[in-house]
Number of protein chains: 2
Amino acid sequence: MGSTTGRRERLRAETTAEIKKVALELMASGGPDAITLRAIAREMGMTANAIYGYFATRDDLVTTLIDNVYTSLAGAVQAAWESAPALDPAARIQAWAGAFRNWALTNPEGFRLVYGDPVPGYRPPAGGAAPDAAHRVCTGLTALAAEAWPYAEPRYADGDFEWSDFDPGLLDKVRPAFPDLPPAAVALALRIWSHLHGLVSLEIYGHLRTQTLSPEKLFRAELTQLIRSLGITAQG
Amino acid sequence: MGSTTGRRERLRAETTAEIKKVALELMASGGPDAITLRAIAREMGMTANAIYGYFATRDDLVTTLIDNVYTSLAGAVQAAWESAPALDPAARIQAWAGAFRNWALTNPEGFRLVYGDPVPGYRPPAGGAAPDAAHRVCTGLTALAAEAWPYAEPRYADGDFEWSDFDPGLLDKVRPAFPDLPPAAVALALRIWSHLHGLVSLEIYGHLRTQTLSPEKLFRAELTQLIRSLGITAQG
DNA sequence: AGGAAAACTATACGGCGTGCAGTTTTCATA
DNA sequence: TATGAAAACTGCACGCCGTATAGTTTTCCT
């Protein structure tokens, strides 16, 4: 009885998963714009309208994809961070940042989906997994900042940041994990993030191509300088 | 005779200008996705196909708009730079960066058009005014870096950058203007740009909203830290 | 005045998201 | 096990889009 009840649900879950899988494949081969309900349905041998049984609207589907992709990014950088030696801030930063750039280069469409203007007219909803993943990313960076803070504090302790300057949802994740960290360190983490994001974003969108022929060298220089600017002297 | 010859050309130029104007208005009110030939034609009381007499394709029109908008951005930051005191690197940087962020906040759709993925399926062409404007932006930043270089050199002179690491078209503009500048300074300028771009891009696309409630404070902190990291001690 | 060229319209095709009505399949219950 | 509701799905339609082709009107040079 319970098994027959579960059958429809199982089929439903499988179909949902297939829709998402096909959508990601379409995105990988044709960019975010290739995510169309009709193309997905064509690929699956269905009618476009059948998808409305699983996602209320195309933007709903895109939101789900963003959530998935963003979560995968957050997992990738977190895994890189964890696999680096714990007491070596420079190595941690390099691992984290390298994983971020590698993920973006491996998955440029995913990067565009998450950080760009993924689909015509799409506007991100308020809640969902994406802000969560963003918080995970930022929390990971805060971990980097926390490990570097003993070195960096004298240089960054100024700046009149207060807890009220940050999103409460982010602080809920950050403050329990790093109780001793001041607001300035969270600001530092955000700024480190923006540095990495800026460079990778320019590279992914091709705006660096008209300037430099070796974005990787630029990225490495950025990391070197970042680590030095944090006052980290140990070798990673 | 010459005047009658010029008449059609004048009308043509006016129509071309109106198409661009209407397109920019549509973009300002409805985002880059609102730039559709049919909407423009509707607004102008024409048929959509009439536009094909002025632009070979929709992407051609978008390219022209990007060129215009990018050029306006380049002009805005350059004007800000020029209006700041010449011997005060900190003030110059603050003026330039502030103008960049202000332009982006005032004209977010333009920012998306220039730095994002402006229109479904659009791929930027190789040449045109956009790379020129990008070079102007980078040259402006190189001017900042050049003014700061006397302070910054000891910290940034390392990094094994060579002239071959950069785009020749960019160097053609940069090297004549700053003959004594080493490649490391150009790399520094690019990195400064990526910092500013990263922060502003996150803010424009709303990815900062899930983290901080005061992006401006973050931006100011970034500038303060940037100026300090360049070794500039004078007050601007 | 006449003819070429330019500007523009009309029509059509295929693609898109999506609403609505109808049909088939699935499954709990009487 | 027959039945009726709910779920899954199809078909059709509408209005949007870019754009190709063909035909029409306007403009200008000779």
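Everything quoted here is computed from the prediction, not taken from an experiment. Letters A, B, ... are given to chains in the order of the sequence lines, protein chains preceding strands, and every chain is numbered from 1.
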Report which part of the nucleic acid A:Y54 touches: base, sugar-phosphate, or nothing (heavy-atom distance under 4.0 Å, all strands).
->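 Answer is sugar-phosphate: A:Y54 comes under 4.0 Å of backbone atoms only.
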
A:H135 side chain vs B:T210 backbone, donor-acceptor pair below 3.5 Å =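 Side chain of A:H135 to backbone of B:T210, a donor-acceptor pair under 3.5 Å: yes, one is there.
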
Any donor-acceptor pair under 3.5 Å linking the side chain of B:T15 with the backbone of B:L11?
->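 Checking the backbone N and O of B:L11 against the side chain of B:T15, a donor-acceptor pair under 3.5 Å is found.
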
Report the distance from atom [atom1] of [X] to atom [atom2] of [N], rounded to the nearest whole Å.
| X | N | atom1 | atom2 | value |
| --- | --- | --- | --- | --- |
| A:F55 | D:dA8 | CZ | P | 13 Å |
| B:R42 | C:dC8 | CZ | C1' | 18 Å |
| A:D60 | C:dT18 | CG | C1' | 13 Å |
| A:R58 | C:dG15 | CZ | C1' | 13 Å |
| A:D33 | C:dG15 | CG | C1' | 13 Å |
| A:E14 | D:dA8 | CD | P | 13 Å |
| A:I35 | C:dG17 | CD1 | P | 10 Å |
| A:L37 | D:dT10 | CG | P | 14 Å |

Trace of the salt bridge (charged side-chain N to carboxylate O under 4.0 Å, His left out) decision for B:R112 with B:E109 = CA-CA 5 Å; B:R112 288 172 59 192; B:E109 310 298 357; 3.1 Å; yes

Does B:R12 or B:R38 map to a spot on DNA chain C nearer the 5' end, using the closest nucleotide for each?
->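 The residue closer to the strand's 5' end, by nearest nucleotide, is B:R12.
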
Residue met sooner reading DNA chain C from 5', once B:N49 and A:A56 are mapped to nucleotides |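 Mapping each residue to its closest nucleotide by heavy atoms, the 5'-most match is B:N49.
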
Where each residue is assigned the nucleotide of DNA chain D containing its nearest heavy atom, which of B:L11 and B:T36 is assigned the position nearer the 5′ end?
->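 In this pair, the answer is B:T36.
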
Does B:T57 have a side-chain nitrogen or oxygen under 4.0 Å from the phosphate oxygens OP1 or OP2 of D:dT19?
->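 Affirmative; the distance criterion is met.
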
For the side chain of A:T47, starting at C-beta, report the closest nucleotide among C:dG17, D:dT10, C:dT9.
->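 Shortest atom-to-atom distance from the side chain points to D:dT10.
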
Report the distance from atom NE2 of B:H197 to atom CG of B:L202, rounding to the nearest 0.5 Å.
->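 B:H197 NE2 to B:L202 CG: 8.5 Å, rounded to 0.5 Å.
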
Please work out which of the three classes, parallel, tilted or perpendicular, describes the rings of B:F111 and B:Y115, given edges at 30° and 60°.
->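 Judged by the thresholds at 30° and 60°, the geometry between B:Y115 and B:F111 is tilted.
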
